[in-house]
Asks: 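Quick one: the structure is below, questions incoming.
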2 protein chains.
Amino acid sequence: MALEHAILVSLLEKPGSGYELARRFDRSIGYFWAATHQQIYRILKRMENDGWIDAREVAQQSRPDKKEYSVAAPGRAALSRWLHEPIEPESVRHELAVKIRGAAFDDPAALLDEVERHRRAHADRLAHYLAGEQRDFTGPDAPERPDAGQELQHVVLRGGIAYERMTLAWLDDVIATLHRLGAQR
Amino acid sequence: MALEHAILVSLLEKPGSGYELARRFDRSIGYFWAATHQQIYRILKRMENDGWIDAREVAQQSRPDKKEYSVAAPGRAALSRWLHEPIEPESVRHELAVKIRGAAFDDPAALLDEVERHRRAHADRLAHYLAGEQRDFTGPDAPERPDAGQELQHVVLRGGIAYERMTLAWLDDVIATLHRLGAQR
DNA sequence: TCCTTCTATGCAACTCGTTGCATAGACAAG
DNA sequence: CTTGTCTATGCAACGAGTTGCATAGAAGGA
């Protein structure tokens, strides 16, 4: 039940509409917590009913009107409560790992294309993260004295970068292993 | 919808009851795909109805009887179909990352205990993985000529080890960042 | 003019996953 | 002989997440 909290954090970083939030969840924050626009709209409605967030109708030119949400005091309090609650170290769900173990009962070499496709996807994501880091934190346009929010966003991004680098190295290990098993047949 | 496939893989590696599967999901395979006994029993029942797996009543001494499941031909075919389908590179859900970004709107230093608790949990898990690797793959009792299944289990375990090492290093980075922000106040 | 794309919001139906509870046999400790 | 623990299976209710579909304004291109 952390999606509502992820939305609160995103709205505190910058107020926005459901549509804008959905796009943020396709980008930055969504790299650490995925969500579809359906989930987002539903939870926004619930949080508005509960008084956690305020809605403001915004008329726009050259595009449809939108409802811009911002966090109200009760929402901030709810987020604060959640931040002080302990959470369980996450339980991973790594579908590809299941496939790799399953390949023992099928053709291991047939997995190669799939693994290489994943490798490319992770290489793209790493490049994307590194470009974002350059743009926001380490490049010439980056703030000289970053505030706490920027420091924390940066350390989360460094986590994403470390994750992608580790994953790339592991996928190379997987590919080498599959090749080895293919050569043995 | 990969839990059924994870169960099929586990049953191919070794037939067992729902209870035994639940314990495996607390150990080895569950490190890459978590599941409770409720989910497992429900899916076992469905797969039995669909003819994917066969059930066999096993009378036991000094404990209750159990139903031992093994994979039938249609289940194997279903697994094979799934193995040949492409899957999306997984969408991560990293609750702690959401909390870290949220800490910018609360007290960053208050997160230290939580992050250190996670660090300990990951250190324990790494130690557990390394012990398992020693026992099954690199120690004196390990097979000299591992078969394909063992090679694939090992490469998945190496992924788990790499993940935990990366996570530990990142959590140290997070802890250092939180300390730095605390010192600045 | 029609078609597509982008912005923007939402309903309905379904499956997946979690939590709490219930039952029951066998055994060991107090 | 009651209590607790481990093995073993399951129901019911709920909440989370996915998929398909629908609507609608505005812009741009064929």
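Residue numbers begin at 1 in each chain, while the letters A, B, ... track the order of the sequences. What you see is a predicted model; the values in this text were computed from it and never measured.
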Asks: Are any of B:R93's side-chain N or O atoms less than 4.0 Å away from OP1 or OP2 of D:dG17?
Replies: yes

Asks: Centroid-to-centroid, A:H122 to A:W170, below 6.0 Å?
Replies: no

Asks: Measure the distance from CG on B:L21 to P on D:dT7 and round it to the nearest whole Å.
Replies: 15 Å

Asks: Run the ring-centre check on B:H128 versus B:Y31 and record whether the distance is less than 6.0 Å.
Replies: yes

Asks: Measure CD1/A:I43 against C1'/D:dT18 and give the value in whole Å, please.
Replies: 13 Å

Asks: Quickly work out the A:Q39 CD to C:dC16 C1' distance and round it to whole Å.
Replies: 12 Å

Asks: How far apart are the closest heavy atoms of B:G51 and B:A72, and which atoms are they?
Replies: O-CB, 3.6 Å

Asks: How close or far is atom C1' of C:dG17 from atom CD1 of B:I7, stated in whole angstroms?
Replies: 13 Å

Asks: Would you kindly give the CD-to-C1' distance between B:E88 and D:dT18, to the nearest whole Å?
Replies: 14 Å

Asks: Work out which heavy atom in A:S28 is nearest to a heavy atom in B:R101; give both atom names and the distance.
Replies: OG-NH2, 4.0 Å

Asks: Checking A:E116 now: which residues fulfil salt bridge (charged side-chain N to carboxylate O under 4.0 Å, His left out) with it, not counting sequence neighbours?
Replies: none

Asks: Over how many whole Å does the gap from A:F25 atom CZ to D:dT18 atom P extend?
Replies: 12 Å

Asks: If hydrophobic clusters are built by linking Ile, Leu, Val, Met, Phe, Trp and Tyr wherever their side-chain heavy atoms come under 4.5 Å apart, do B:Y69 and B:Y41 end up in the same one?
Replies: no

Asks: Encode nucleotides 3-13 of chain C as B, S and - characters from 5' to 3', where the letter depends on protein heavy atoms closer than 4.0 Å: B to the base, S only to sugar-phosphate, - to neither.
Replies: ----BBBBB--

Asks: For B:D26 and C:dT18, give me the distance from atom CG to atom C1', rounded to whole Å.
Replies: 15 Å

